[in-house]
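These notes are about the structure you will find just below.
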Number of protein chains: 2
Amino acid sequence: MAEGQTRRRGKALLDAIYAAAVAEAAVAGPGRLTMDAIAKRAATPRSTLYRRWSDPRDLLLDALADLHPVEQPHPGADDLRGDLIAALRLMCDWAFSDAGRAVMAIVADPRRDPATVDALFERVFAARGGTFTQTVLRHYAEHGQIDPARLTPVVLDIGEALVTKRMMDLGADPGDQYLEAIVDQAILPAIGRDPADG
Amino acid sequence: MAEGQTRRRGKALLDAIYAAAVAEAAVAGPGRLTMDAIAKRAATPRSTLYRRWSDPRDLLLDALADLHPVEQPHPGADDLRGDLIAALRLMCDWAFSDAGRAVMAIVADPRRDPATVDALFERVFAARGGTFTQTVLRHYAEHGQIDPARLTPVVLDIGEALVTKRMMDLGADPGDQYLEAIVDQAILPAIGRDPADG
DNA sequence: GGTTTTAGGTACACGACTGTATCTAAAACT
DNA sequence: AGTTTTAGATACAGTCGTGTACCTAAAACC
């Protein structure tokens, strides 16, 4: 800092640290997440990190909790199919963000401890109204267009599960065509609206 | 080795190394997999490992390829539902083996490169006839009990996807009741046999 | 303006893992 | 029995991450 020596502090510094942590986690996987790498990426000395957190996992959880909340689906009134596809699109976009990849890697970590995952779900997802297609399905059930009895935990998870698996298999975005296939061939039949029927 | 000094060689040694590699990967996650840890667990000097592999990832892929193949579902003739549930049960059991957890962690690794995953699929899964429920569904389609046109990539993946997601969410075995729910509420409706219909 | 807080910048000893390089002795082959 | 192969047991320098400590100077507070 030879000339423009401004010193970050408080929120500005925290934001830089959080961004660095999430970016590092997405690149390295939380298993390889280190204080050192976060500090380097945030261009701050490690001592600053150790003053607040004792371990990179704690830091990452704070970082994820602090992030802007995920964009929510905003279902309309009479396009269930389109709204479901849009919800899955939102999910894909989120999943390929740094935060999404960090969360994925935490959840799939064989060394994960239940406390970490619980903390993650409570702090990161509790604020949200549920999963992506869940929001849409509940909305249409409230408007009497879906039998609420159909919305079991299994059914509410179909879309997210298929998207997740496809991303794991391919390592890439499933693509809109595949999202449509998920809606037409799995979700709609499960709520009793099989497009193949009349 | 003071007294019973027998020296492993060839297959016996390889088996010990492979077992150690898979066990390490399952415990540590492939991201944290090190030559050192494998060598210690296999009680062999690192030099022995470096003579054959240059990197723990290569070693792990060989180890996974060498493993006993996964148990296959053996569908009967007239119990589609039961056979699907049994296939998902097989999948859960495999997923919680060392090999299953190692594979899961490889696939979910944000730092995975496509070549590794391709190699994994070719070498580990190519020998098998496909995924777990896939085997069952194809069997019943061949016997004329399912419309083959229904067996799209999405539909063939529903069971595995829901099991995978549930395991990631819970970090534990989904339990037989949940497997039944998957079959009844997701797979069967998707192939046009919705139990909720007449 | 003086004081308190806290980021920036180093340094250090420790441990883990890496590749490589020996040397030895047990298996395997002839 | 003699030879070849290769596992076992070190050792070593190099790199990376850890925690901790210490000093300095910029922000923030009064």
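Just so we're on the same page: letters track the sequence lines, and every chain starts at 1.
At C:dG8, one or more side-chain N or O atoms of A:T44 fall inside 4.0 Å of OP1 or OP2 (strictly under the cut-off). At C:dG8, one or more side-chain N or O atoms of A:R8 fall inside 4.0 Å of OP1 or OP2 (strictly under the cut-off). Residue B:S47 places no side-chain N or O under 4.0 Å from the OP1 or OP2 atom of D:dT6.
Between B:K11 atom NZ and C:dA28 atom P the separation is 14 Å, expressed in whole Å. Rounded to an integer number of Å, the gap from CG of A:L13 to P of D:dA26 is 17 Å. Distance CG (A:L49) to C1' (D:dT20): 14 Å, rounded to an integer number of Å. As rounded to whole Å, 19 Å separates atom C1' of C:dT18 from atom CZ of B:R32. Nucleotide C:dC17 holds its P atom 13 Å from the CZ atom of B:R41, rounded to whole Å. When rounded to the nearest whole Å, the span between CD1 of B:I38 and P of C:dG19 equals 12 Å.
The backbone N or O of A:A77 lies less than 3.5 Å from no partner atom in the side chain of A:H143, so there is not a single donor-acceptor pair. In this structure a side-chain-to-backbone donor-acceptor pair under 3.5 Å is present from B:H139 to B:G76. Using modelled atom types, no side-chain atom of B:D66 and backbone atom of B:D15 make a donor-acceptor pair closer than 3.5 Å. Within the 3.5 Å criterion, the main-chain N or O of B:T152 finds no donor-acceptor partner in the side chain of A:Q185.
For C:dA28, its base never sits under 3.5 Å from the side chain of B:R9 at any donor and acceptor pair.
Taking 4.0 Å as the cut-off between side-chain N and carboxylate O, A:R81 and A:D184 count as a salt-bridged pair. For B:R166 and A:D157, the salt-bridge test fails: no basic side-chain N is under 4.0 Å from an acidic carboxylate O.
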I'd like a list of close polar pairs between nucleotides 12-19 of chain D and the protein, N/O only, cut-off under 3.5 Å.
| residue | atom | partner | partner atom | Å |
| --- | --- | --- | --- | --- |
| D:dG17 | OP2 | A:D36 | OD2 | 3.1 |
| D:dT18 | OP1 | A:M35 | N | 3.4 |
| D:dT18 | OP2 | A:M35 | N | 3.3 |
| D:dT18 | OP2 | A:D36 | N | 2.9 |
| D:dG19 | N7 | A:R46 | NH2 | 3.0 |
| D:dG19 | O6 | A:R46 | NH2 | 2.6 |

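Nucleic acid contact class of B:R52 (heavy atoms, under 4.0 Å, all strands): sugar-phosphate only.
For B:D173, the side-chain hydrogen bond (donor to acceptor under 3.5 Å, both in side chains) partners at least two apart in sequence or on another chain are B:R89.
Results of the salt bridge (Lys or Arg N to Asp or Glu O under 4.0 Å) test with B:E24 over B:K40, B:R32, B:R41 single out B:R41 as the only residue that passes.
One axis for each end of the helix from C:dG1-D:dC30 to C:dT30-D:dA1, each built from five base pairs, and the angle between them comes to 30° at 10° resolution.
The cationic group of B:R101 does not satisfy the cation-pi geometry with B:F96, failing either the under 6.0 Å distance to the six-membered ring centre or the 45° limit from the ring axis.
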